[in-house]
Amino acid sequence: MSTLSPEPVKPLLDGSLKNENEKKREIVRVSGLKKSFGSLEVLKGIDLSVREGEVVVIVGPSGTGKSTLLRCINLLTEPDAGHVWVDGAEITARGADVNKIRAKTGMVFQEFNLFNHLTALNNVAIGLKVVKKIPEEEARRRAMEELERVGLSSKASSYPAELSGGQKQRVAIARALAMDPRVMLFDEPTSALDPELIGEVLEVMKKLASEGMTMLVVSHEMGFAKEVADRIVFMEGGLIVEEGPPDVMFSAPKKARTKEFLGKIGAIHGGTVVA
Amino acid sequence: MAGSDVLAFIERILPDLLRGAVITVELASMGLFLGLVLGLPTAFLRAYGKGLPKYIATLYVEAIRGTPLVVQLFIIHYGLPDLGLTFPRFVSAWLALGINSGAYQAEYFRGGIEAISAGQMAAAQALGMSRLQAIRHIILPQAFRLALPAWTNEAIYMVKYTSIAFMIAVPELLARGKMIISWYFRPTETLLAVAAIYLVILWVVARLMRLVENRFKIPGIGFETDQRA
């Protein structure tokens with residue numbers, strides 16, 4: 001349980017952090033993003049900016065376009081309109097080297113999507129070998145370091161089918177980290193996990209955040225959001241309804257709908273952290 | 001008396017039959033290989049391609065599956081010479097078997113490819129792999145394993161289908177048997193000997209494929225044959 005910060009200190013701290021954040025470089029910028037699937041408009045014009053070291057948690061009802069937004073950032077889904085920049089390079093630009101820009105983003109999927117035919121170690125090493133053209137030995141050594149980082153070096157030679165859901169997701173995180181991404185995109189990383197396995201994945205994510213990794217997380221884990229997020233983005237109906245720091249979003253949101261949603265979801269997915 | 005006579009007869013015809021068996025094995029392995037070379041790209045074109053290449057791949061599979069192998073063999077051997085394309089008997093048989101097998105192998109591999117979740121491709125691309133790199137390093141190794149049991153069946157069918165080559169007088173196992181029958185008029189013993197040789201070849205093929213399956217076995221990518229064993 002984290003303690004409540006003394007009231008007088010917090011605004012000061014926030015203020016200085018904010019100034020510092022403004023100076024930090026923008027890692028992800030989304031502007032006017034629109035996407036329809038058939039006649040269903042999933043994203044109706046999204047503007048979003050994520051700065052270096054920021055942890056942004058996107059929340060909202062299902063079918064709101066949160067995952068689509070994430071997948072548009074690395075162009076796994078092609079937007080109909082709008083622009084996306086990753087680390088200064090526009091991935092949506094005509095003729096952009098999409099594969100190269102994608103390698104700057106690490107993605108963690110709800111369903112893990114580990115490569116079933118590769119051991120945990122090779123799941124992490126394959127991107128280094130195939131994309132970064134790093135020689136076998138070096139790739140394996142670095143993959144082992146990444147597995148250590150998520151506490152799974154002992155499972156290096158296990159295949160995905162031999163791992164628990166939580167272990168799979170940690171390997172998936174290591175696989176993404178190995179590529180040295182500028183930003184990590186998490187698409188409901190704990191939604192497919194048994195409740196008792198969620199903690200180990202959130203721990204790894206918290207550690208990453210504390211190391212200064214830039215993170216964009218779609219999640220219903222409100223405890224995690226309150227504790228780790230610099231900013232919470234509430235999406236509904238393909239639009240960003242409201243965004244702000246967790247304490248403001250949870251205690252004094254401007255929109256009634258934000259309050260209603262976060263109240264409901266906080267009751268279910270509140271976690272152990274008290275805001 | 002009769003028993004030793006049969007044995008003596010079989011001993012007499014065995015060298016001839018074995019020479020035919022060698023051709024049968026050559027035809028089958030070369031046919032399987034040509035089928036693999038044609039079938040793999042066809043499978044990927046049908047699964048991932050679009051436009052004309054995909055259409056051609058589909059046309060190939062449907063045309064081959066929709067017509068009898070013997071008709072395909074006769075078109076190649078007796079029809080193509082009209083267009084100025086004449087092949088030796090063995091080559092005609094090889095082409096017919098290979099082109100035919102390619103259509104079926106394409107379907108087995110396509111089945112394997114389509115059993116792989118879309119998330120595998122997405123994860124590979126998210127790492128920065130191109131589609132081709134993802135196909136080569138992520139999709140193909142899994143599709144190959146998923147298609148192996150069906151491919152084993154194809155190998156076994158292929159050995160048996162080589163027997164149609166006797167219809168254009170390729171001297172493979174069955175053709176030798178027919179010849180021997182016309183010389184000695186002893187069809188029962190001859191055909192039983194032919195069948196026994198097929199049986200031995202197919203037993204070896206099945207063992208080989210089991211070895212291949214075990215060699216490439218990975219937990220979580222199941223082979224039905226292993227679960228039954």
Side-chain angles (χ1 to χ4, degrees), chain A residues 67 70-71 73-78 86 91 97-119 122-133 157-163 168 171-172 174-181 183-187 192, chain B residues 40 43-44 47-51 108-152 212-227 229:
Chain A
S67 294
L70 226 53
R71 292 174 67 96
I73 290 173
N74 64 3
L75 230 58
L76 282 182
T77 297
E78 199 141 348
V86 176
I91 194 169
D97 188 344
V98 174
N99 297 328
K100 196 173 163 192
I101 303 173
R102 262 193 197 132
K104 295 180 176 202
T105 68
M107 182 127 184
V108 175
F109 300 85
Q110 182 178 344
E111 303 293 341
F112 328 126
N113 293 341
L114 286 186
F115 304 131
N116 298 315
H117 63 303
L118 298 176
T119 60
N122 280 329
N123 259 280
V124 182
I126 186 105
L128 295 172
K129 289 190 275 190
V130 173
V131 178
K132 298 211 161 178
K133 312 285 182 206
S157 54
S158 300
Y159 285 97
E162 300 167 324
L163 300 173
K168 281 183 204 174
V171 172
R175 172 175 71 177
L177 286 175
M179 301 303 285
D180 228 346
V183 56
M184 287 283 285
L185 310 172
F186 291 88
D187 188 5
Chain B
L40 260 187
F44 279 99
Y48 291 117
K50 38 186 164 247
Y108 301 145
F109 285 117
R110 188 169 69 105
I113 293 166
E114 283 172 1
I116 298 167
S117 84
Q120 297 281 305
M121 176 60 91
Q125 290 190 298
L127 286 177
M129 286 190 208
S130 67
R131 266 176 99 78
L132 265 177
Q133 286 173 327
I135 285 174
R136 165 144 182 255
H137 295 281
I138 305 302
I139 306 297
L140 185 59
Q142 295 185 57
F144 162 74
R145 286 176 170 87
L146 290 168
L148 252 184
W151 204 87
T152 300
V212 171
E213 287 185 10
N214 283 335
R215 162 71 182 74
F216 290 103
K217 191 163 74 175
I218 280 176
I221 306 182
F223 296 127
E224 289 155 47
T225 47
D226 287 301
Q227 281 154 18

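Quantities reported herein were computed from a predicted structural model and do not represent experimental measurements. Within every chain, numbering begins at 1; the chains are lettered A, B, ... in the order of the sequence lines, protein sequences first and strands thereafter.
Contact between A:Ala161 and B:Pro219 at its shortest, heavy atoms only, is CB-O, 3.6 Å. The minimum heavy-atom distance between B:His137 and A:His117, with the atom names listed, is O-NE2, 2.9 Å. Of all heavy-atom pairs between B:Ala123 and A:Asn113, the closest is CB-O, 3.6 Å. Closest approach of B:Gln120 and A:Leu114 over heavy atoms only: NE2-O, 2.7 Å. The nearest pair of heavy atoms linking A:Asn74 to B:Ala126 is ND2-CB, 4.0 Å. Considering every non-hydrogen atom in both A:Val130 and B:Gln133, the closest pair reads O-NE2, 3.5 Å.
To the nearest 0.5 Å, atoms OG (B:Ser117) and CG (A:Asn116) are separated by 7.0 Å. Atoms CD1 and CD1, on B:Ile138 and A:Ile126 in that order, are 4.5 Å from each other to the nearest 0.5 Å.
Neither the backbone nor the side chain of B:Ala118 comes within contact range of chain A, judged by heavy atoms closer than 4.5 Å. Looking at A:Arg175, the atoms closer than 4.5 Å to chain B (heavy atoms on both sides) sit in the backbone and in the side chain alike. Looking at A:Tyr159, only its side chain comes within 4.5 Å of chain B, counting heavy atoms on both sides. With a 4.5 Å cut-off on non-hydrogen atoms, A:Glu162 touches chain B through its side chain but not through its backbone.
Partner of B:Leu127 under the side chain to side chain contact (heavy atoms under 4.5 Å, CB included) criterion, chosen from A:Met107, A:Arg102, A:Met179: A:Met179.
Within a 6.0 Å sphere centred on NZ of B:Lys50, heavy atoms belonging to other residues, nucleotides or ligands number 12 at most.
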